[in-house]
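Below is one structure, written out as structure tokens; comments come after it.
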Amino acid sequence: MKKNRLNFWLLAALLCGLSLSVTSCKDDDNNNGNDKKIHGGVSIGAISAKANIEGPIIKEKTTFSLSYRRTYSDLFTRLALAMISARSSDSEDYKVTGGYHFYDLNGKITHKFSDRSHLFASLYMGDDRISARVRFKEEHGANYYDREYMKLGYNWGNIVASLRWNYELTPKLFMNLTGAYTRYRNNIKTGVEFEGKNEYMMYNEEMSMTYKSGIRDIISSADFDYAPSPNHAIRFGTSVTEHIFTPEIMSFYMYDSNFTEGTIDSVIGESKVYATELNAYIEDDWAISNVIKLNAGVHLSGFAVQNTFYPSVQPRLSGRIIITDDLSFKVGYAYMTQYMHLLSNSNISLPTDLWVPVTEHIKPMTSQQVAAGFFYKLKNMFDFSIEGYYKAMNNLLEYKDGASFWSSSTKWENKVAMGRGWAYGVEFLVQKNIGKWTGWIGYTWSKSMRLFDREGMIISNGKPFPAKYDRRHDISIIVMYKPSDKFDISTTWVYNTGNAVTLAIQNYDDYNDVYPYYNDIPYIESRNNYRMPAYHRMDLGINFHKQSMHGVHTWNISVYNLYNRKNPYLIYVGYGERYVDDDGNVYNNSLMKLSLFPIIPSFSYSFKF
């Protein structure tokens with residue numbers, strides 16, 4: 001069943017890959033709403049449908065805006081799963097079911113008390129859900145069969161609700177008071193079930209593992225904008241955030257119909273971590289002259305967690321010098337503190353990046369960044385920019401060697417090490433915003449490295465290694481042509497260096513004395529020692545617009561991955577070239593790639609009134 005289990009994880013990766021591709025097109029069109037009459041629109045496409053409406057509740061006083069989107073991409077996932085099943089060497093005994101969808105809802109109500117006083121209430125809700133079930137069976141007659149079921153459930157989502165009051169205290173001083181609630185959750189459940197019958201007995205076994213993590217925040221803030229003179233724009237404020245972290249809850253379930261002691265059902269991990277974050281800031285945007293502009297400020301923060309308090313003073317300074325009417329120079333410095341860490345698996349697997357909090361043992365991440373660049377405008381047609389940056393980071397978090405998302409340590413803190421890192425790069429941009437032909441070309445060269453050499457926290461033998469998201473080259477080219485209001489066409493080409501991942505360069509045998517067998521142990525020379533192939537693709541979109549007395553009709557024809565680039569989603573040790581040793585054992589040494597999303601044409605229709 002080893003090959004079947006591999007196919008299951010490839011299936012899971014495919015579903016997650018589809019979700020990432022689809023959800024990347026989400027938007028948050030959450031405006032204040034039209035205060036005079038009802039407007040709205042409907043869009044129906046090959047992957048999702050969307051509807052939005054806005055208008056007055058009380059004319060010129062209270063308005064609303066509401067939009068909803070729901071995918072029906074389950075149709076595409078079912079087709080992809082059927083293709084995987086059909087290509088399997090044992091397709092008659094191999095069946096895959098599952099699907100993916102997301103929804104998101106945006107709503108906003110705005111009330112105008114007076115020209116000086118406004119109230120805004122907003123809500124966002126969104127969830128993504130993946131489910132998969134794979135059945136493998138071997139039938140040997142009515143009295144002898146084996147069946148295996150592998151299951152995956154994966155869902156994650158957000159809720160953001162806020163209430164904001166905007167008030168003009170004086171003609172020079174504006175105030176925003178905000179109360180907000182946010183919730184993020186990430187749940188993964190995977191399991192396997194066996195059932196069968198032979199000449200001696202019938203049996204049923206089930207094993208499953210569930211992983212849950214999440215963050216809930218209750219936020220209150222007061223922000224002020226003060227303009228004492230035309231040369232000064234001063235912003236200051238304060239906020240308090242109550243965090244409730246659920247960094248890691250793992251539960252295990254095991255059942256065996258022939259196990260006399262019954263069912264095993266256990267939960268490990270911390271249930272909740274409570275923390276309070278305090279923030280205060282002040283900054284001054286100061287136009288010293290027509291040539292020089294300066295922004296200076298300081299951000300004070302503190303984080304109270306588990307009887308520990310972490311204070312931080314974070315200065316910020318940036319400036320702009322106008323050299324000529326078309327050429328300017330900008331420079332900036334910032335010191336920053338972050339009280340949440342992103343934990344990333346560098347192994348090729350499901351997308352299991354997790355947010356975990358600072359604790360009494362895990363210190364905040366700090367960084368210092370400097371950036372400088374030149375900006376040039378050519379005849380009010382083209383904008384050119386070149387900017388360089390350097391960032392030094394401390395107290396970064398990585399999984400220790402041998403630890404992972406699914407390891408059985410009772411605390412996530414026992415799985416991680418702290419180290420430092422640095423990143424630097426150069427960004428180029430050419431942009432045209434005027435005329436029938438518009439678009440931009442952007443290129444970034446960058447490098448991001450990590451070093452974990454502290455005593456007891458050594459990773460990769462204490463030598464520098466690239467970060468998971470280190471990408472040496474990143475290119476994007478966007479070209480748009482709009483000869484009239486009735487027609488427009490756009491094309492996009494993107495290229496970036498593949499992610500850095502960790503692969504074993506060889507395996508060695510580990511003999512188990514209790515149960516006499518050899519177990520393959522991977523040998524990993526260094527962290528993120530392999531670079532996935534580069535990612536690139538081209539997309540094309542054509543829009544036809546028609547104005548009628550009731551609204552605007554738009555027909556869209558688009559092609560995703562125009563030249564059918566087979567971009568790798570993951571690399572795995574697969575069933576490519578094989579060889580057999582003298583004892584008849586079969587070995588597989590090939591690295592295989594799983595490519596998602598070939599060329600995909602689609603059509604959509606939308607109507608706005």
Side-chain angles (χ1 to χ4, degrees), residues 18 21-57 59-60 62-77 79 100-110 122-126 432-440 476-494 537-562 597-609:
L18 177 62
S21 174
V22 172
T23 56
S24 66
C25 67
K26 291 182 184 179
D27 62 356
D28 183 8
D29 186 16
N30 196 11
N31 57 44
N32 292 334
N34 192 288
D35 64 353
K36 294 181 174 60
K37 60 181 180 178
I38 298 291
H39 287 278
V42 177
S43 177
I44 300 174
I47 295 177
S48 65
K50 177 182 177 180
N52 67 281
I53 187 170
E54 62 177 73
I57 299 175
K59 200 169 185 178
E60 297 186 353
T62 306
T63 64
F64 77 96
S65 174
L66 184 65
S67 65
Y68 178 77
R69 187 195 318 218
R70 171 68 157 84
T71 69
Y72 35 84
S73 53
D74 310 57
L75 301 175
F76 293 94
T77 56
L79 177 61
Y100 162 77
H101 75 272
F102 78 76
Y103 82 90
D104 53 23
L105 171 70
N106 283 284
K108 190 171 187 178
I109 295 177
T110 302
S122 61
L123 172 68
Y124 167 83
M125 298 176 63
K432 182 177 184 292
N433 295 318
I434 299 175
K436 295 180 179 180
W437 290 92
T438 58
W440 67 86
S476 61
I477 301 175
I478 314 295
V479 178
M480 294 170 284
Y481 176 60
K482 186 177 181 180
S484 69
D485 292 337
K486 295 181 179 181
F487 173 80
D488 61 78
I489 183 171
S490 64
T491 182
T492 302
W493 185 74
V494 294
R537 76 171 200 275
M538 178 177 285
D539 303 331
L540 177 68
I542 303 173
N543 292 306
F544 300 91
H545 309 279
K546 183 179 180 180
Q547 178 75 51
S548 69
M549 61 181 298
H550 300 293
V552 178
H553 306 261
T554 299
W555 293 265
N556 170 267
I557 301 172
S558 61
V559 183
Y560 176 89
N561 196 3
L562 185 63
F597 308 119
I599 179 172
I600 303 176
S602 64
F603 171 81
S604 67
Y605 166 77
S606 63
F607 174 67
K608 293 183 179 180
F609 61 90

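Just so it is clear, the structure is predicted and the values come from calculations on it, not from any experiment.
For the atom pair CG (Leu66) and CD (Glu54), the distance works out to 10.5 Å, reported to the nearest 0.5 Å. Here the straight-line distance linking atom OG of Ser43 with atom NZ of Lys50 works out to 8.0 Å at 0.5 Å rounding. Between the CG atom in Asn561 and the CG atom in Asp539 there is a gap of 7.0 Å [rounded to 0.5 Å]. Atom CD1 of Ile44 sits about 8.5 Å away from atom OH of Tyr605, to the nearest 0.5 Å. With values rounded to the nearest 0.5 angstrom, Trp555 atom CH2 is found 9.0 Å from Ser606 atom OG. Taken to the nearest 0.5 Å, the CG atom of Leu105 stands 6.5 Å off from the CE atom of Met125.
A pairwise comparison of heavy atoms in Ile38 and Gly55 identifies CD1-CA, 3.8 Å as the closest pair. Nearest heavy-atom pair across Glu60 and Lys36 is OE2-CE, 3.9 Å. Taking each heavy atom of Ile434 and Thr438 in turn, the nearest pair found is N-CG2, 3.9 Å. Of all non-hydrogen atoms in Ser490 and Met480, the two that sit nearest each other are CB-CG, 3.6 Å. What you find for Arg537 and Trp493 is that their closest heavy atoms are O-CD1, 3.2 Å. Across all non-hydrogen atoms, the minimal contact from Arg70 to Tyr103 is CD-CB, 4.0 Å.
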If you look only at distance, which donor and acceptor atoms sit under 3.5 Å apart when one is on a side chain in residues 540-548 and the other is two or more places apart or in another chain?
| from | atom 1 | to | atom 2 | distance (Å) |
| --- | --- | --- | --- | --- |
| Asn543 | OD1 | Asn556 | ND2 | 2.8 |
| Asn543 | ND2 | Asp488 | OD1 | 3.0 |
| His545 | ND1 | Thr554 | OG1 | 3.0 |
| His545 | NE2 | Asp488 | OD2 | 2.6 |
| Gln547 | NE2 | Gly551 | O | 3.4 |
| Ser548 | OG | His550 | N | 3.3 |
| Ser548 | OG | Gly551 | N | 3.3 |
| Ser548 | OG | Gly551 | O | 3.1 |
| Ser548 | OG | His553 | NE2 | 3.1 |

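Heavy-atom contacts from other residues, nucleotides or ligands closer than 6.0 Å to NZ of Lys608 number 12 or fewer.
Using a 4.5 Å cut-off on side-chain heavy atoms (C-beta onward), Ser67 and Ile53 make no contact.
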